[in-house]
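To keep things clear, I will list the structure first and then write my remarks on it.
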Amino acid sequence: ASELRYPPGKIAVIGAGIGGTSAAYFLRQKFGKDVRIDVFEKGTVGGRLATINVEGKDYEAGGAIIHPLNLHMKHFVKVLGLSVPENRDGLLGIYNGEEFVFEESSWYIISILKLLWHYGFNPVRMNMWVEEILDKFMRIYRYQSHDYSFSSTEGLLHALGGNDFIQMLNRTIDETMQKAGFSQKFIYEVVTPVMRVNYGQGTNINGFVGAVSLAGADSGLWSVKGGNKLVCTGLLYASKAQLISGTVTSIEERTRPKRTGGTVKLYEVSYNSASGSMTDMYDIVLIATPLNRKMSNITFRNFNPLVAQFSDHYHQTVATFVHGRINASFFGYKDPSRFHLASIFTTENPKLFINSIGVVSPVQNTHEEVKQPMGPAVWKVFSKEPLTKEQMNLLFSSYESVKEKKWLAYPHYSLPKKCPPIILHDRIYYLNGIEWVASAMEMSAIAAKNAALLSYHHWYGNVNMIDQEDLNEKLKTEL
Ligand SMILES: Cc1cc2nc3c(=O)[nH]c(=O)nc-3n(C[C@H](O)[C@H](O)[C@H](O)COP(=O)(O)OP(=O)(O)OC[C@H]3O[C@@H](n4cnc5c(N)ncnc54)[C@H](O)[C@@H]3O)c2cc1C
Ligand SMILES: CC(C)=CCC/C(C)=C/CC/C(C)=C/CSC[C@H](N)C(=O)O
């Protein structure tokens, strides 16, 4: 490790989504002002944080909501001087393909009584259960503020919640919640619809991402005024990294002679840009995009030992934006004038061709935007497949415009699953393995800070800052 005592000259980050741009920001904080940080992006800065324009206004088309306890995202918004629009949630209904199994009332107390009547104390217990998980999850901020890092995703998860968290990764949310005593009816009618709207999948996803998904139905969710992707452009600017618009095609290990004698190992990054095929050499590489053929298609050449081969399978979700009037009779409303819902979640039913439908507000949200579900509004529909014309005509009584965005959105969760490694080679780090625990903006930011810290500690040989046992106990006595 002695040859690595001097600061690195160049670091490459592949991907300018929230993972890559926050990595650039944290790398700059750790390695200082002199290191050159290049961020490669083949598409648009923001990646899965993107907006779509519908009739002159922009709407969140990818990552949309942020939890009030997502502290990295909160920090970014604060230091970048961004703001949060006022949020007005409309009423929610849960549809099973035949009828509404639950409908929120505009009277808060009525909604609470309805919940109690249908599901007993399950909803209250669920809030407490999710809060308990979040409490442990929040330990990451303490660990990271003391600069501790982890060399595996499972190690990170274990440091937060011990074997309970690891177990959640290896059980479905269905099993996890049944074991915790929640009723089958509640899981089917409330938990499943939340999994479907957030991850486009059912209750066979792992317990941890299931709990994160439930946190995604908490109150106080927020987003960034002007679009969440502004965080990425802001972080890139704040990190003083250089954005290279190009597609990275391969990474290869190279041995180069040093001016002072001896040799040094560097990584050669090859990429295609508007100026043609290029290469550049780096001391450290952070990969901040899912590694698979469809999403990144990066080849690792001539590595000895070989870089671990895995291919992450991502789930297709289609977001369709429709400016029009919803067809309330499709959802069983005989009198459409009584329809008052702004969001409809769905239970599992093969007859259903959508996961959810809801009114959305533009990212420049202003006070005047009042949600009146029966009037023309912009609706966001989540489905597995693109909507056909016939399906559109079933969902809407009339519509003026339609915009569609097809995503490979998040992992297609299956059990059992070992998370992909963080360390792919001596100084190549992979961030997106964390998505197999749960895919969310904050998770990418956590993985980014971890990779920045880990690469720093590896570089300077600070082994005592990596994979420390009993951190929670150790830090209890620290300020
Ligand atoms: C429809 C949808 C809704 C979502 N809703 C939420 C939500 O409400 N809240 C939430 O917290 N999360 C949500 N998520 C998840 C969240 O958006 C993602 O977890 C997060 O944005 C992932 O960020 P990332 O930087 O890790 O990856 P990405 O955003 O995918 O960034 C990777 C970047 O790398 C680039 N890239 C890939 N290959 C190469 C290459 N070879 N060379 C150069 N560049 C390359 C890509 O173009 C991309 O820009 C949602 C996702 C989707 C799709
Ligand atoms: C990481 C932690 C602790 C919390 C994150 C909770 C959260 C915001 C989860 C949502 C994740 C997600 C993939 C949502 C997708 S759909 C979002 C929304 N319903 C929409 O309409 O776009």
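Counting starts at 1 for both ligands and their atoms, following the listed order.
Residue contacts with ligand 1 for Thr44 involve N, CA, C or O but no side-chain atom from C-beta outward (heavy atoms, distance under 4.0 Å). Here Leu134 has side-chain heavy atoms under 4.0 Å from ligand 2, and that is the only part of it that gets that close. With a heavy-atom cut-off of 4.0 Å, Asn70 touches ligand 2 through its side chain alone. At a heavy-atom distance under 4.0 Å, only side-chain atoms of Ile298, from C-beta outward, approach ligand 1. When non-hydrogen atoms are compared, ligand 1 lies under 4.0 Å from the backbone of Ala440 as well as from its side chain. Under 4.0 Å from ligand 1, the heavy atoms of Met295 that appear belong solely to its backbone.
Aromatic ring centres of Phe300 and His425: separated by at least 6.0 Å. Ring-centre distance between Phe26 and His72: below the 6.0 Å cut-off. Taking the six-membered ring for Trp and the full ring otherwise, Tyr148 and Tyr456 have centroids separated by 6.0 Å or more. For Phe396 and Phe330, the ring centers sit 6.0 Å or farther from each other. Between Tyr410 and Tyr314, the ring centre distance reaches or exceeds 6.0 Å. No close placement of the His315 and Tyr413 rings is indicated, their centers lying 6.0 Å or farther apart.
Heavy-atom contacts of Phe137 reach the following atoms of ligand 2: 3 (C) (cutoff under 4.0 Å). Each of the following atoms of ligand 1 lies closer than 4.0 Å to a heavy atom of Thr247: 41 (N), 42 (N). Residue-ligand proximity, Ser444 to ligand 1, at heavy-atom distances under 4.0 Å covers atoms 22 (C), 23 (O), 24 (P), 26 (O). Interface atoms of ligand 2 facing Tyr199, defined by a heavy-atom separation under 4.0 Å, are 11 (C), 13 (C). Under a 4.0 Å criterion applied to the non-hydrogen atoms of Gly47, ligand 1 contributes the atoms 29 (O), 48 (C), 49 (O). Set against the non-hydrogen atoms of Gly246, the atoms of ligand 1 under 4.0 Å away are 42 (N), 43 (C). Applying the 4.0 Å criterion to heavy atoms of Ala64 picks out, from ligand 2, the atoms 22 (O).
Contact analysis leaves Asn198 out of contact with ligand 1, as no non-hydrogen atom separation drops below 4.0 angstrom. Ligand 1 has no atom lying under 4.0 Å from any heavy atom of Thr317. In this structure, Leu49 counts as a contact residue of ligand 1, since one of its heavy atoms falls inside 4.0 Å of the ligand. Residue contact annotation: Gly216 has no non-hydrogen atom under 4.0 Å from ligand 1. At a 4.0 Å cut-off, at least one heavy atom of Gly46 sits close enough to ligand 1 to count as contact. Look at Ala319 and you'll find every heavy atom at least 4.0 Å from all atoms of ligand 1. Proximity of Ala447 to ligand 1 is not established, as no heavy-atom distance is less than 4.0 Å.
Judged purely by distance below 3.5 Å, without hydrogens or angles, the side chains of Asp58 and Asn53 pair a donor atom with an acceptor atom. Looking only at atom types and distance, the side chain of Tyr267 has no donor-acceptor partner in the side chain of Asp280 under 3.5 Å away.
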Criterion side-chain contact (heavy atoms from CB on, under 4.5 Å) on Ile287 and Ile251, from CA distance to verdict:
CA-CA 11 Å; Ile287 300 176; Ile251 304 172; 3.9 Å; yes
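For Lys418, the NZ atom is loosely surrounded, since the number of other residues' heavy atoms within 6.0 Å does not exceed 12. At most 12 non-hydrogen atoms from other residues, nucleotides or ligands lie less than 6.0 angstrom from CZ of Arg301. Within a 6.0 Å sphere centred on NZ of Lys74, heavy atoms belonging to other residues, nucleotides or ligands number 12 at most. Counted within 6.0 Å of NZ on Lys294, heavy atoms from surrounding residues, nucleotides or ligands total 12 or fewer; the atom is thus considered open.
Nearest protein heavy-atom neighbour of atom 5 (N) of ligand 1: Gly63 CA, 3.3 Å. The protein non-hydrogen atom at the shortest distance from atom 32 (C) of ligand 1 is Ala288 O, 3.3 Å. Among all non-hydrogen protein atoms, the one lying nearest atom 46 (C) of ligand 1 is Glu41 OE2, 3.4 Å. The protein heavy atom nearest to atom 15 (C) of ligand 2 is Asn198 O, 3.2 Å. With hydrogens left out, the protein atom closest to atom 30 (O) of ligand 1 is Arg48 NE, 2.8 Å, a heavy atom. Annotation: atom 34 (O) of ligand 1 to nearest protein heavy atom, Gly15 CA, 3.1 Å. In this structure, the protein non-hydrogen atom closest to atom 8 (C) of ligand 2 is Ile65 O, 3.4 Å. Scanning all protein heavy atoms for the shortest distance to atom 8 (O) of ligand 1 gives Ile65 N, 2.8 Å. For atom 11 (O) of ligand 1, the nearest protein heavy atom (residue, atom name, distance) is Met441 N, 2.9 Å. Among protein heavy atoms, atom 45 (C) of ligand 1 sits closest to Lys42 CG, 3.6 Å. With respect to atom 6 (C) of ligand 2, the closest heavy atom belonging to the protein is Val212 O, 3.6 Å.
For ligand 1, none of its N or O atoms has an N or O atom of Ala61 under 3.5 Å away. On a distance-only criterion, Ile18 and ligand 1 share at least one N/O pair closer than 3.5 Å. The shortest N or O to N or O distance between Ser439 and ligand 1 is under 3.5 Å. Backbone and side-chain nitrogen or oxygen atoms of Gly19 are examined, and one is located within less than 3.5 angstrom of a nitrogen or oxygen of ligand 1. Polar contact check, Val248 against ligand 1: a nitrogen or oxygen pair lies under 3.5 Å apart. Close N/O approach between Lys380 and ligand 2 is found [any backbone or side-chain N/O within under 3.5 Å]. Any N or O atom pair closer than 3.5 Å counts here, and Tyr410 shares no such pair with ligand 1.
Side chains of Thr249 and Thr299 form no contact here, defined as non-hydrogen atoms less than 4.5 Å apart. Residues Thr153 and Ile422 are in side-chain contact: their nearest non-hydrogen atoms beyond the backbone lie under 4.5 Å apart. Between Ile354 and Leu395, some side-chain heavy-atom pair lies under the 4.5 Å cut-off. Counting only heavy atoms from C-beta outward, the side chains of Tyr188 and Thr347 approach each other to under 4.5 Å.
Ring geometry for Phe165 versus Phe208: interplanar angle over 60°, hence perpendicular rather than tilted (30 to 60°). Below 30°, between 30° and 60°, or above 60°: for Tyr119 and Phe186 the angle between ring planes is above 60°, a perpendicular geometry. Between His313 and His412, the ring-plane angle classifies as tilted under the 30° and 60° cut-offs.
Geometric assessment of Lys380 against the ring of Phe321 yields a negative cation-pi assignment under the 6.0 Å and 45° thresholds. Geometrically, Arg196 does not engage Phe345 in a cation-pi contact defined by less than 6.0 Å to the ring centre and at most 45° from the axis.
With atom 7 (C) of ligand 2 as the reference point, the heavy atom nearest to it among Ser444, Ala409, Gly216, Ala217 is part of Gly216.
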